[in-house]
Engineer: 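Submitted below is the structure of interest, expressed as structure tokens.
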Number of protein chains: 2
Amino acid sequence: MYEIFQKYLEEKSELTPEESERIQSFAIIKKLRKRQYLLQEGDVWKYDAFITQGCVRTYTVDEKGSEHVNSFSIENWWTGDRESLMMQQPSRFNIDAIEDTELVLFTHENFELLCREIPAFNNMVNMILQRSFIAAQNRIQASLTLTAEEKYLNFVNKYPGFASRIPQTMIASYLGMTPETLSRIRKQTAKK
Amino acid sequence: MYEIFQKYLEEKSELTPEESERIQSFAIIKKLRKRQYLLQEGDVWKYDAFITQGCVRTYTVDEKGSEHVNSFSIENWWTGDRESLMMQQPSRFNIDAIEDTELVLFTHENFELLCREIPAFNNMVNMILQRSFIAAQNRIQASLTLTAEEKYLNFVNKYPGFASRIPQTMIASYLGMTPETLSRIRKQTAKK
DNA sequence: GTAAAAACTTGATATAGATCAAGAGTTTGG
DNA sequence: CCAAACTCTTGATCTATATCAAGTTTTTAC
């Protein structure tokens with residue numbers, strides 16, 4: 001499944017064949033079965049991780065034991081806990097697979113080496129980070145301004161396809177509402 | 001007031017005197033009176049902006065005319081609308097001064113030139129972006145998991161000093177609650 | 001210095017969404 | 001293929017926070 005990542009690289013950056021090979025030489029392929037953890041709360045995250053197939057969720061668990069989904073990541077996206085990675089501190093998050101999933105991992109040292117060695121790779125990484133930041137800003141804005149129903153419609157509209165492969169309970173959590181509320185919203189909007 | 005920015009650069013990166021001068025040669029000093037706009041909804045944002053003194057807020061206005069504060073930025077922080085800048089599209093945000101404010105601006109072309117010319121500058125910029133992204137993630141997490149009271153305490157704790165210089169109405173909006181609710185929370189927590 | 005405009009507080013009431021509970025479907029793993 | 005474990009739905013009730021309204025305090029601008 002490395003080809004998926006290869007294709008992504010070709011689309012997002014201009015690399016010489018040597019650079020491509022150099023990148024591949026550091027790649028670690030990892031497979032996760034459904035429900036398997038990629039990261040557990042308390043562990044320090046040490047990778048840059050790209051999903052070539054499948055879907056994972058990043059979430060916290062509060063004192064009452066309820067889960068709060070922070071994000072979903074599917075094929076052609078990155079995942080991980082940047083804060084834990086950068087600060088070298090234990091993560092507050094769990095990441096596990098919603099479906100059987102395949103990833104390409106780089107240890108952060110290797111990843112940084114690649115960034116230093118290959119300017120085109122570094123630029124790509126920065127571009128992705130910018131987009132992630134913009135997406136996070138938009139999510140904050142949505143959470144401040146939208147009603148529960150609007151949040152759901154916005155989500156479906158922004159990420160078509162997610163709604164069908166991710167359990168409603170998790171989507172509700174991601175949107176900051178209970179599963180019951182989401183169920184009722186879906187019933188209502190179906191009518192229209 | 002350029003010295004403030006100069007000092008920031010020295011702290012956050014290692015630049016040769018020539019590089020420092022090169023950066024300064026592109027800097028535009030801008031002053032804003034309280035209430036003055038830095039960016040208005042519908043305009044395309046074209047700068048990278050660093051605040052050397054004062055405080056601005058970034059917010060949207062919904063159909064009903066209510067304002068929703070997306071962020072505050074004070075001295076030694078950056079401000080602007082990254083989405084508008086990157087996509088070259090009209091901004092959904094307004095940015096205006098809460099206090100008399102002084103900024104250092106770079107047109108984005110010059111800023112990108114500096115990033116290409118000066119690797120240490122580029123690295124600094126990426127580092128800042130990473131931190132911004134992490135902060136945004138944490139804010140999302142807080143909005144999903146905390147009660148109104150916890151959100152306020154978290155805010156005060158994370159940004160001590162903000163609470164005293166920013167009107168409560170705006171803080172309430174930033175935290176996603178009404179001014180009345182914030183007023184009651186403050187009354188309660190004062191008791192304890 | 002003073003009038004007008006903002007900002008904040010407090011009380012009464014309304015409401016979106018949460019919680020609790022129980023039944024119906026659906027998926028999973030041996 | 002079947003039992004156990006999830007997942008989703010629906011109804012009844014509750015609650016945190018919003019809304020509306022009016023008074024008080026603080027800030028602003030001439």
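Chain A is the first sequence line, chain B the second, and so forth, proteins listed ahead of strands; every chain is numbered from 1.
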Engineer: Assigning hydrophobic clusters by single linkage (Ile, Leu, Val, Met, Phe, Trp, Tyr; side-chain heavy-atom cutoff under 4.5 Å), is B/W45 placed with B/F72?
Structural biologist: no
Engineer: Measuring from the side chain of B/K187 (C-beta onward, heavy atoms only), which nucleotide among C/dG17, C/dT10, D/dT10 has the closest atom?
Structural biologist: C/dT10
Engineer: Could you verify whether a donor N or O on one side chain and an acceptor N or O on the other, from B/Q40 and B/N94, lie under 3.5 Å apart?
Structural biologist: no
Engineer: Determine: side-chain N/O of B/S183 to OP1/OP2 of C/dT9, distance under 4.0 Å, yes or no.
Structural biologist: yes
Engineer: Got a sec, which pairs hit ring pair (Phe, Tyr, Trp, His ring centres under 6.0 Å) with one end in residues 121-153 of chain B, sequence neighbours left out?
Structural biologist: B/F111-B/F121
Engineer: Taking CG from B/L146 and C1' from D/dA16, how many angstroms apart are they, rounded to a whole number?
Structural biologist: 15 Å
Engineer: If you pin B/T181 and A/A148 to their nearest nucleotides in DNA chain C, which one's is more 5'?
Structural biologist: B/T181
Engineer: Specify whether B/Y8 and B/F50 have parallel, tilted or perpendicular ring planes, treating 30° as the upper limit for parallel and 60° as the lower limit for perpendicular.
Structural biologist: tilted
Engineer: Counting only heavy atoms from other residues, nucleotides and ligands, does the tally under 6.0 Å from NZ of A/K158 exceed 12?
Structural biologist: yes
Engineer: For the helix from C/dG1-D/dC30 to C/dG30-D/dC1, measure the angle between the helix axis at one end and the axis at the other, each built from five pairs, rounding to 10°.
Structural biologist: 70°
Engineer: For A/Q88, look at atom CD and say whether over 12 heavy atoms of other residues, nucleotides or ligands are found less than 6.0 Å away.
Structural biologist: yes
Engineer: At a cut-off of 3.5 Å, list every protein nitrogen or oxygen paired with a nitrogen or oxygen from nucleotides 24-30 of chain C, distance to 0.1 Å.
Structural biologist:
unit_1 : atom_1 : unit_2 : atom_2 : d
C/dT28 : OP1    : A/K34  : NZ     : 2.8

Engineer: Run the salt bridge (Lys or Arg N to Asp or Glu O under 4.0 Å) test against B/E117 and tell me which residues pass, sequence neighbours left out.
Structural biologist: B/R22
Engineer: Start with the C-alpha distance between B/R57 and B/E67, add both sets of side-chain angles, then the distance that settles side chain to side chain contact (heavy atoms under 4.5 Å, CB included), and finish with yes or no.
Structural biologist: CA-CA 11 Å; B/R57 77 205 235 255; B/E67 298 176 352; 2.3 Å; yes
Engineer: Can you name the residues that form a ring-ring contact (aromatic ring centres under 6.0 Å, His included) with B/F155, not counting sequence neighbours?
Structural biologist: B/Y159, B/Y174
Engineer: I'd like to know whether CE of A/M87 has more than 12 heavy-atom contacts from other residues, nucleotides or ligands below 6.0 angstrom.
Structural biologist: yes
Engineer: Starting from C1' on C/dA16, measure out to OH on A/Y152 and report it in whole angstrom.
Structural biologist: 19 Å
Engineer: Please work out which residues in residues 162-180 of chain A have a non-hydrogen atom less than 4.0 Å from an atom of DNA chain D and list them by number.
Structural biologist: A/P167, A/Q168, A/T169, A/E180
Engineer: Just verifying a value: how many Å separate A/N70 CG and A/S173 OG, rounded to the nearest 0.5 Å?
Structural biologist: 9.5 Å
